[in-house]
Amino acid sequence: MTGAVAEPSGPEVRTQAGTVRGSREADVAVFRGIPFAEPPVGELRFAAPRAARGWDGVRPALSYGPPPPQGGHFGMEALSQDAADDWLTLNVWTPEPGPGAGLPVMVWIQGGAYTIGTSALPEYDGGRLARAGAVVVTFNYRVGPEGFGQFAGAPANRGLLDQIAALEWVRDNIRAFGGAPDRVTVFGQSAGAGSVAALLAMPRAAGLFGRAVAQSVQGTFFSPELAADIAAACAAELGRKPTVGDLRTVAPARLSAACDAVGATMDRHASRWGAVAHRTIPVAPVVEGDTLPVTPWQAVADGAARGIPLLVGHTRDEQRLFTVIDGLLGQVSPEQAATALRRFAPGPDGARRYRDGFPSASPDELYERVQSDWLFRMPSLHLAEAQAAAGGRAHVYELTWPAPGMDGVFGACHGLDVPLVFGNLERGQPAVMIGDGPSPEAEILSARMRAAWTAFAADGDPGWPAYDGDRRLVQLFDTRPAVTAYPEETSRLIWEDHTFSPIALRH
């Protein structure tokens, strides 16, 4: 799966659980498929993660571990048909394996709407970032109902608890790989950025990282009642109750398929589930008062991240990717735009404020702008503003470079930042956005973003001024980079008084 060659002379590192042998790839030592927790099956299914057992001898670390069970979006279900159940594994890229290197550590949390995702995707290869002088870690965590289903008898937010378990493994083991456990940066995109935000609010994650990067924060956090209602619908698809006892014997693939079936008809439940039903979001972190006491915005406003520098941003055209996938590009009717404004704009006069704020906008533009703002752009901005207001430091960016792939249909869309940050411009599904080549300007922009991210991981400064409530300076990433006042000022004012509270069940 990885192309790595098993060589007896491969680099070896002793972890607390045992010795692993990796491979060398382009001057970087790579270790794949290291377990950080026991397989969450049998009695451990729907439980909090338990640290992996040790082993004797040398364990090959040449192949990614199998993906966690997940739904059928973007062909991901085909990747998760592996019979193995050791889903909770991680991967390490290091330019200098050895306990004395003291390199900054970058721990990646992938997105996928909390329903899909695996660290084995080629776009997440950490080699280019590692060659810039960082130790890079990627890992799997439980997604969909396995990780976020609100089932009676199970702890909430098991996927987030998996992330904490991976960070605990980093704390306890990364020195042996050349990393400094006191120089850990978490970085993630979309649901991965929502996870980064959640970790800032989770007491169990305190002290496990010192810097955080949140790229296009997914703003959906559920109340326990909403999460339980959706979970009950998933269980009902199988004729079961939403309890650990009733679901533990259901094959994970069947449970994922049931959740997919509910997702496909969520709009029928909009009177109870609200806006998430119109965006097919059946799972998200649950603000239940224990594992996740409050929303990230509340926690950060209360000073939870005051000592943790943040790098936060979004793309200009977040919604464009989904508009293209849905076949609506250039096809949005005035009625569809009005419906989107009614569903997603904040407050009773939100739709009017969008029309007044963007008087010349087409239906396509209004449709995309309000959904970009609701799901990603304003959650990201509000996280930075909460941090600045609490006396912490936040650096804000917007990616405005229009992707050239497929004749430029994507614009600066959701997910475009991932290949640019990792430098993997020709691998994985996001490479479609970059196009054949890639172009010299794509390579230059990617190098610029990698330099900013690795500099932030090294010393907390990505290279532009911190955001504040007066100047609101942000870095624009484009062919010609610029530092300017936040460019989405009209949207910012529309959402200025909105609170991203847990999404509640409607009765």
Start with the C-alpha distance between Ile109 and Phe139, add both sets of side-chain angles, then the distance that settles side-chain contact (heavy atoms from CB on, under 4.5 Å), and finish with yes or no.
CA-CA 7 Å; Ile109 306 177; Phe139 63 89; 3.8 Å; yes

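- Taking the six-membered ring where tryptophan is involved, the planes of His278 and Phe344 are perpendicular, since the angle between them exceeds 60° and thus also 30°.
- Of all the heavy atoms in Pro481 and Gln475, the pair that sits closest is CB-NE2, 3.5 Å.
- Note: Tyr397 and His395 fail the aromatic proximity criterion, with ring centroids not under 6.0 Å apart.
- If you check the side chains of Thr400 and Glu398, you find no donor sitting under 3.5 Å from an acceptor.
- In this structure, Leu399 CG and Leu445 CG are separated by 6.5 Å, a value rounded to the nearest 0.5 Å.
- Relative to the ring axis of Tyr354, Arg369 does not place its NZ or CZ within 45° and under 6.0 Å from the centre.
- A side-chain donor-acceptor contact under 3.5 Å links Glu441 and Trp401.
- Because its NZ or CZ atom is not both nearer than 6.0 Å to the ring centre of Phe422 and within 45° of the ring axis, Arg427 does not count as a cation-pi partner of that residue.
- Here the CG atom belonging to Leu341 is positioned 14.0 Å from the CH2 atom belonging to Trp374, to the nearest 0.5 angstrom.
- Ion pairing between Arg211 and Asp459 fails under the 4.0 Å rule for side-chain N and carboxylate O.
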Steps toward side-chain contact (heavy atoms from CB on, under 4.5 Å) verdict (Asp267, Thr280):
CA-CA 8 Å; Asp267 56 346; Thr280 315; over 6 Å; no

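- Taking the centre of each ring, Phe187 and Trp453 stay at or above the 6.0 Å mark.
- Ring orientation note: the planes of Trp297 and Phe221 are nearly perpendicular, at an angle over 60° on the 30°/60° scale.
- A salt bridge links Arg128 to Glu443: one of the charged nitrogens lies within less than 4.0 Å of a carboxylate oxygen.
- When every heavy atom of Val196 is checked against every heavy atom of Gly188, the shortest pair comes out as CG2-N, 3.8 Å.
- Taking the six-membered ring where tryptophan is involved, the planes of Tyr486 and His314 are perpendicular, since the angle between them exceeds 60° and thus also 30°.
- Scanning all heavy atoms of the two residues, the minimum distance from Ser119 to Asn91 falls at OG-ND2, 3.0 Å.
- Tested against Glu318 for a side-chain hydrogen bond (donor to acceptor under 3.5 Å, both in side chains), the candidates Ser216, Ser190, Ser372 yield a single pass: Ser216.
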Would you sort out whether Tyr64 and Thr118 count as a side-chain contact (heavy atoms from CB on, under 4.5 Å), showing the intermediate values?
CA-CA 9 Å; Tyr64 291 112; Thr118 170; over 6 Å; no

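- Looking only at side-chain heavy atoms (C-beta outward), Pro285 and Leu160 come within less than 4.5 Å of each other.
- Of the charged side-chain nitrogens involved, none lies within less than 4.0 Å of a carboxylate oxygen, so that Arg353 and Glu496 do not count as a salt-bridged pair.
- In this structure, Arg21 contributes its side chain and Val58 its backbone to no donor-acceptor pair below 3.5 Å.
- Considering Tyr124, Tyr141, Trp93 in turn, Tyr124 is the only one that fulfils the ring pair (Phe, Tyr, Trp, His ring centres under 6.0 Å) rule with Trp108.
- Considering only heavy atoms from C-beta on, Leu208 stays 4.5 Å or farther from Val184 through its side chain.
- In terms of heavy-atom proximity, Ala403 sits nearest to Met433 at CB-O, 3.2 Å.
- Under the 3.5 Å distance criterion, with hydrogens and angles disregarded, a donor-acceptor pair is assigned to the side chains of Glu385 and Tyr467.
- In terms of heavy atoms, Pro181 sits closest to Arg175 at CG-NH2, 3.2 Å.
- The closest side-chain heavy-atom distance from Gln371 to Arg279 is below 4.5 Å.
- For the pair Arg320 and Phe410, the cation does not sit on the ring face, since its NZ or CZ is not both under 6.0 Å from the ring centre and inside 45° of the axis.
- Scanning both residues, Arg316 and Pro402, for their nearest heavy atoms gives NH2-CB, 4.3 Å.
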